[in-house]
S.K.: 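First, the structure itself, so that you have it in front of you.
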Amino acid sequence: MMEAAASQEASSVEVSSADAGAAEHVHPTHQDTSVPEAAGAANAVATLEPTLVPKEGAASEASEVASVRQVPDNLQDAVAQAGGIPPLLRLLAEGSETAQGQAVAALRGLVAHNPENRAAVAQAGGIITLVKALGASKSSIQEQAVATLRSLILNNTENKLTLAQDGGIPAIVVLLTDGNCAAKEHAVGALRSLSLGSQENQVAIAQAGGIPPLVTLLSDGRGIVKEHAAAIMWSLVSLDGSDNASAAVKAGVLAPLVALLIDGTALAQECAAGALHTLAGGSAEHQHDVS
């Protein structure tokens with residue numbers, strides 16, 4: 001079931017909306033001096049900051065292509081080999097708001113297209129630090145943090161488990177409502193990855209209040225966001241022994257699912273049809289609502 005929704009995760013997830021801004025560049029003299037080693041590491045990877053490019057109407061996660069400034073892979077490796085990852089994480093946890101923005105942007109650049117750096121960030125305790133950064137007051141830090149986490153869990157069951165154990169799912173669900181446009185896109189993409197093949201994560205998404213904002217994104221999101229939201233919704237309403245179907249119907253899921261059957265992308269149509277099939281096969285009340 002849900003072959004389309006459970007298709008292979010993309011080799012990269014660094015796509016966002018065109019109006020999303022990366023962390024602000026500041027003059028070195030304005031950077032936090034409380035963690036000098038970390039600040040130096042952030043400066044060393046300034047050129048790794050992602051450039052965000054929209055990918056409208058993508059058919060699946062596999063079509064989302066990372067767009068990072070053309071920095072040689074060996075420079076990403078060199079920064080990591082020079083010991084830059086731990087001080088960057090420390091700066092993200094302890095630095096000024098400006099320094100935190102620089103650090104998280106650098107970390108995002110380091111993990112893009114680089115499985116070794118993803119592993120190094122996770123091994124250095126980066127997941128919990130990034131989860132805490134999701135609650136930052138500055139939206140650009142939230143955006144960079146959730147984008148980085150999305151890269152870290154890419155095809156990585158262990159990192160998904162760590163993120164869930166560190167309280168990442170409720171924090172990501174909050175961004176579905178409170179994040180900027182780019183943060184919402186990365187948040188729903190991350191939740192889709194987390195929901196694939198994991199009933200525990202599906203339960204956690206629903207318990208964190210994820211159903212109402214997902215219903216909203218089914219209507220208000222752009223193409224790829226609707227795909228992700230529809231795929232997650234299909235998995236949630238199909239979860240045995242849950243009241244997710246009733247909760248989704250009460251949240252108004254039927255109208256946007258039907259709308260996707262008409263004007264959604266091919267993948268969104270498949271997921272919407274799958275969700276409606278599940279709802280129609282449930283209680284008599286749901287069958288009546290669908291019809």
Side-chain angles (χ1 to χ4, degrees), residues 1-9 60-61 127 131 134 146 149-150 153-177 184 187-219 221 225-261 264 267-291:
M1 182 178 68
M2 295 181 282
E3 291 85 353
S7 61
Q8 181 181 9
E9 292 184 67
S60 69
E61 271 195 282
I127 291 178
V131 167
L134 296 176
V146 71
L149 285 169
R150 189 178 174 193
I153 64 175
L154 183 68
N155 294 323
N156 192 308
T157 301
E158 183 177 354
N159 286 353
K160 290 179 182 180
L161 179 61
T162 300
L163 186 151
Q165 292 174 338
D166 287 343
I169 289 177
I172 293 173
V173 167
V174 169
L175 293 183
L176 296 180
T177 302
K184 288 179 181 179
V188 73
L191 290 174
R192 180 184 178 188
S193 294
L194 289 163
S195 69
L196 291 176
S198 174
Q199 292 189 355
E200 292 81 3
N201 288 346
Q202 293 165 13
V203 169
I205 291 169
Q207 290 180 341
I211 289 177
L214 285 169
V215 171
T216 299
L217 291 177
L218 287 172
S219 299
V225 171
K226 291 181 179 179
E227 287 180 4
H228 292 325
I232 299 168
M233 190 61 64
W234 186 7
S235 68
L236 294 185
V237 301
S238 301
L239 188 60
D240 292 336
S242 75
D243 60 356
N244 291 346
S246 295
V249 171
K250 290 178 182 178
V253 75
L254 296 178
L257 286 178
V258 171
L260 286 179
L261 298 179
L267 180 59
Q269 289 175 339
E270 290 180 29
C271 294
L276 289 169
H277 179 198
T278 299
L279 293 170
S283 69
E285 179 182 358
H286 293 161
Q287 293 176 20
H288 180 268
D289 290 338
V290 172
S291 64

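This is a predicted model, so every value here is computed, not measured.
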S.K.: State the CG-CZ distance between N201 and R192, to the nearest 0.5 angstrom.
M.R.: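 The CZ atom of R192 is 15.0 Å from CG of N201, to the nearest 0.5 Å.
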S.K.: Report yes or no: does S238 contribute a side-chain atom to a donor-acceptor pair with the main-chain N or O of S235 at less than 3.5 Å?
M.R.: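 No.
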S.K.: Is any side-chain heavy atom of V253 less than 4.5 Å from a side-chain heavy atom of L279?
M.R.: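 Side-chain contact under 4.5 Å: yes.
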S.K.: To check you understand the geometry: which heavy-atom pair defines the closest contact between S242 and L239, and what is its length?
M.R.: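 In terms of heavy atoms, the two residues are closest at OG-O, 2.9 Å.
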S.K.: Spell out, as yes or no, whether a donor-acceptor pair under 3.5 Å connects the side chain of E227 to the backbone of A268.
M.R.: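 The answer is no, because no donor-acceptor pair under 3.5 Å joins these two groups.
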S.K.: Closest approach of I169 and A164, non-hydrogen atoms and distance?
M.R.: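 That closest heavy-atom pairing would be CD1-CB, 4.1 Å.
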S.K.: CD/Q202 to CG/L236 distance, rounded to the nearest 0.5 angstrom?
M.R.: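 Result: 6.0 Å between the selected atoms.
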S.K.: How far does CG of L191 sit from CG of L196, to the nearest 0.5 angstrom?
M.R.: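 Answer rounded to 0.5 Å: 11.0 Å.
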S.K.: How long is the straight-line distance from CD1 of I153 back to CG of L161, given to the nearest 0.5 Å?
M.R.: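 L161 atom CG to I153 atom CD1 measures 12.0 Å (nearest 0.5 Å).
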S.K.: K226 pairs by side chain to side chain contact (heavy atoms under 4.5 Å, CB included) with which of L267, L260, V188?
M.R.: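 Looking at L267, L260, V188, the match for K226 under the side chain to side chain contact (heavy atoms under 4.5 Å, CB included) is L260.
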S.K.: Dump the intermediate steps for side-chain contact (heavy atoms from CB on, under 4.5 Å) on M233 and V215, then the final yes or no.
M.R.: CA-CA 8 Å; M233 190 61 64; V215 171; 3.8 Å; yes
S.K.: Stepwise, does the side-chain contact (heavy atoms from CB on, under 4.5 Å) test hold for L254 with L276?
M.R.: CA-CA 8 Å; L254 296 178; L276 289 169; 3.9 Å; yes
S.K.: For residues L175 and L134, determine if any side-chain heavy atom of one lies less than 4.5 Å from a side-chain heavy atom of the other.
M.R.: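 When only atoms from C-beta onward are counted, L134 and L175 do touch, with a gap below 4.5 Å.
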S.K.: Shortest non-hydrogen contact from I211 to A247?
M.R.: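 So the two residues come closest at CD1-CB, 3.9 Å.
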S.K.: How many angstroms lie between CG in N159 and CD1 in I127, if you round to the nearest 0.5 Å?
M.R.: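 CD1 of I127 is found 4.0 Å from CG of N159.
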S.K.: When you measure from the side chain of T216 to the backbone N and O of P212, does any donor-acceptor pair fall under 3.5 Å?
M.R.: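 Such a contact is found between T216 side chain and P212 backbone.
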